[in-house]
Protein chains: 2
Amino acid sequence: METLRERKKRRTRDALLRAALELFTTHGYERTTVDEITEAVEVSQRTFFRYFAGGKEEAAFAVQDLAEAHFVAAVRARPPHEAPMEALRRAVLEGWDTINEAVAAVVPVELYLRMYRLIESTPALLAVHLRRSTEREEELARLLAAREGLDVDADPRPRLAVAAFGGVLRVTERQWSTGPDFSPEAMRALTAAHLDLVGPALTGHWRST
Amino acid sequence: METLRERKKRRTRDALLRAALELFTTHGYERTTVDEITEAVEVSQRTFFRYFAGGKEEAAFAVQDLAEAHFVAAVRARPPHEAPMEALRRAVLEGWDTINEAVAAVVPVELYLRMYRLIESTPALLAVHLRRSTEREEELARLLAAREGLDVDADPRPRLAVAAFGGVLRVTERQWSTGPDFSPEAMRALTAAHLDLVGPALTGHWRST
DNA sequence: AGGCTAGTGACAGCCACTGACAATTGACAA
DNA sequence: TTGTCAATTGTCAGTGGCTGTCACTAGCCT
């Protein structure tokens with residue numbers, strides 16, 4: 001079972017994380033200081049940095065970590081006979097269908113979505129988000145390459161395909177976060193629509209839809 | 001003509017920029033302090049921040065700005081009858097062919113390439129680079145949409161196509177910056193090869209090639 | 001020549017982050 | 001229980017990026 005010490009640690013971390021996200025999403029990321037977060041939880045500043053060695057940034061992406069791991073797991077769970085792009089497509093849609101399972105245990109889904117929007121609208125956070133996305137893309141490229149029996153360093157196709165897929169997701173994120181409907185369902189629908197359009201978008205001529 | 005004041009300003013800025021890039025590329029980005037840069041040029045720290053309000057970051061990307069503007073200009077110069085993706089492809093290859101013209105007036109091309117590598121290998125800089133890339137992609141999407149007579153907010157295809165194109169460039173940058181040949185020619189060749197492969201990469205099955 | 005103003009330096013201060021050391025508190029065995 | 005050990009936390013001091021303020025100097029313009 002869980003020892004008292006571990007329980008306390010977990011609570012402190014959760015309290016810090018929740019306070020951080022709440023402050024970020026209400027007052028803005030850069031405008032909230034670490035001191036404000038620790039005052040809200042009544043711990044020392046030093047303690048915050050011990051839980052989040054990456055500083056405010058790590059706190060800001062803690063829940064994203066869960067959601068993205070959820071998505072990668074969905075990719076891994078796809079049957080091996082599916083074509084790579086098809087597996088990615090189904091996994092990402094599945095991920096949005098079941099986003100609650102991945103996130104709700106730590107923070108309300110609504111807070112996660114608010115934080116997602118904040119990341120998209122805060123340049124410093126968006127930059128980090130994009131870097132993290134490329135790290136995930138590298139992971140997926142290796143995954144798919146292994147699945148198809150390819151050497152990811154000899155054959156660029158897995159990385160290229162995943163990068164193109166990632167590009168579609170970025171366009172989707174951006175449109176979703178600036179649009180009027182912040183529900184997971186809206187995100188899911190937009191993702192599906194965009195994935196359907198990427199083929200036509202690349203085939204040269206747009207005038208003759 | 002150019003007044004004495006303006007000449008002095010220009011020189012100070014150039015000196016700061018060159019000192020910054022030189023220090024970044026030799027000692028590393030984060031390990032270089034602003035004080036070190038200003039001591040090398042013999043100005044106060046405050047002066048550095050007056051020229052580079054964005055701090056070290058702005059200095060790190062000053063030359064990238066030139067190169068990227070060079071590329072966008074090449075896209076604009078493409079004949080309107082070319083298909084969008086074809087215009088992007090030719091413009092980016094052209095950009096690497098004539099990179100000297102865009103950069104050499106301010107810093108040696110070799111220093112620019114070293115800085116490029118450093119950006120790719122420094123997480124904090126890579127993140128910013130990726131965000132800047134999406135800004136450029138937005139610019140290109142609007143450009144191409146206008147060219148084709150489309151409304152970029154109503155039709156997602158321009159953004160999707162440009163995002164996929166950008167994804168290919170990112171894969172290329174990454175491979176180039178970790179490879180053995182840092183010449184513009186190598187970058188050009190890699191870019192062309194990857195652009196040729198993105199089509200096949202997206203067509204479902206990789207095993208039977 | 002002399003007033004105007006842009007550019008600069010010096011200084012003070014905020015915030016993110018880190019290292020070192022001391023104090024506290026849970027864990028566990030005698 | 002109680003004493004010991006180890007994990008957790010707080011305090012303090014310091015570095016570096018960055019900003020506001022103010023006074024001063026040097027180029028500009030009439």
Side-chain angles (χ1 to χ4, degrees), chain A residues 1-21 23-24 26-62 118-119 122-128 131, chain B residues 1-17 19-21 23-24 26-62 118-119 122-129 131:
Chain A
M1 78 152 230
E2 196 185 30
T3 171
L4 171 59
R5 212 176 242 170
E6 294 167 326
R7 225 176 309 149
K8 276 195 163 185
K9 263 180 77 171
R10 232 169 111 350
R11 266 196 226 138
T12 307
R13 203 197 115 100
D14 282 3
L16 280 171
L17 181 56
R18 243 171 278 193
L21 296 192
L23 286 169
F24 290 163
T26 53
H27 302 339
Y29 175 70
E30 341 222 40
R31 273 192 305 258
T32 67
T33 68
V34 174
D35 284 337
E36 286 171 339
I37 301 170
T38 55
E39 278 161 28
V41 184
E42 295 189 299
V43 292
S44 75
Q45 195 208 45
R46 200 69 184 79
T47 294
F48 175 86
F49 285 106
R50 276 195 263 259
Y51 280 100
F52 301 96
K56 294 200 290 181
E57 188 183 298
E58 184 174 331
F61 286 98
L118 183 67
I119 289 172
T122 305
L125 290 180
L126 178 57
V128 173
R131 175 172 50 76
Chain B
M1 78 146 227
E2 195 184 31
T3 171
L4 171 60
R5 250 216 277 260
E6 293 168 325
R7 223 176 309 147
K8 276 194 164 184
K9 263 180 77 171
R10 189 157 221 8
R11 266 196 227 137
T12 308
R13 203 196 116 100
D14 282 2
L16 280 171
L17 180 56
L21 295 192
L23 286 169
F24 290 164
T26 54
H27 301 340
Y29 175 70
E30 343 224 36
R31 274 191 304 260
T32 330
T33 68
V34 174
D35 284 337
E36 285 170 342
I37 301 170
T38 55
E39 277 161 27
V41 185
E42 295 189 300
V43 292
S44 75
Q45 194 208 45
R46 200 67 186 79
T47 293
F48 174 86
F49 285 106
R50 274 193 267 259
Y51 281 100
F52 301 96
K56 294 200 291 181
E57 187 184 299
E58 184 175 332
F61 286 98
L118 183 67
I119 289 171
T122 306
L125 290 180
L126 178 57
V128 173
H129 175 60
R131 174 171 52 76

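Chain A is the first sequence line, chain B the second, and so forth, proteins listed ahead of strands; every chain is numbered from 1.
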Nearest heavy-atom pair of A20(A) and I37(A): which atoms, and what distance? CB-CD1, 3.9 Å

Using a 4.0 Å heavy-atom cut-off across all strands, classify [X] as base, sugar-phosphate, or nothing.
{"X": "F52(A)", "result": "nothing"}
{"X": "T32(A)", "result": "sugar-phosphate"}
{"X": "S44(A)", "result": "base"}
{"X": "F48(B)", "result": "nothing"}

Can you check whether [X] reaches [Y] side chain to side chain, under 4.5 Å on heavy atoms?
{"X": "Y51(A)", "Y": "E58(A)", "answer": "no"}
{"X": "V43(B)", "Y": "T12(B)", "answer": "yes"}
{"X": "F49(B)", "Y": "V34(B)", "answer": "yes"}
{"X": "F52(A)", "Y": "E57(A)", "answer": "no"}

Counting only side-chain nitrogens and oxygens, does [X] get under 4.0 Å of the OP1 or OP2 atom of [N]?
{"X": "T38(B)", "N": "dG9(C)", "result": "no"}
{"X": "Y51(A)", "N": "dT8(D)", "result": "no"}
{"X": "T12(A)", "N": "dT9(D)", "result": "yes"}
{"X": "K8(A)", "N": "dG26(C)", "result": "yes"}

Calculate the interatomic distance between [X] atom [atom1] and [N] atom [atom2]; express it in whole Å.
{"X": "E42(B)", "N": "dG9(C)", "atom1": "CD", "atom2": "C1'", "value": "14 Å"}
{"X": "R11(A)", "N": "dT8(D)", "atom1": "CZ", "atom2": "P", "value": "15 Å"}
{"X": "E57(B)", "N": "dA16(C)", "atom1": "CD", "atom2": "P", "value": "17 Å"}
{"X": "L23(B)", "N": "dG16(D)", "atom1": "CG", "atom2": "C1'", "value": "15 Å"}
{"X": "E36(B)", "N": "dC18(D)", "atom1": "CD", "atom2": "P", "value": "14 Å"}
{"X": "K56(A)", "N": "dT18(C)", "atom1": "NZ", "atom2": "P", "value": "14 Å"}
{"X": "E2(A)", "N": "dA7(D)", "atom1": "CD", "atom2": "P", "value": "17 Å"}
{"X": "Q45(A)", "N": "dG14(D)", "atom1": "CD", "atom2": "P", "value": "16 Å"}

[X] side-chain proximity, nearest of [options]:
{"X": "K9(A)", "options": "dT8(D), dG20(D), dT11(D)", "value": "dT8(D)"}
{"X": "R50(A)", "options": "dT8(C), dA20(C), dC17(C)", "value": "dA20(C)"}
{"X": "V34(A)", "options": "dA16(C), dA20(C), dT25(C)", "value": "dA16(C)"}

On the 0 to 90° scale, with breaks at 30° and 60°, tag the F61(B)-H129(B) ring pair as parallel, tilted or perpendicular. parallel

Taking for R46(B) and for R5(B) the nucleotide of DNA chain C with the nearest heavy atom, the one nearer the 5' end belongs to R5(B)

Report the residue (E30(B) or V43(A)) whose heavy-atom-nearest nucleotide on DNA chain D is the more 5′ of the two. V43(A)

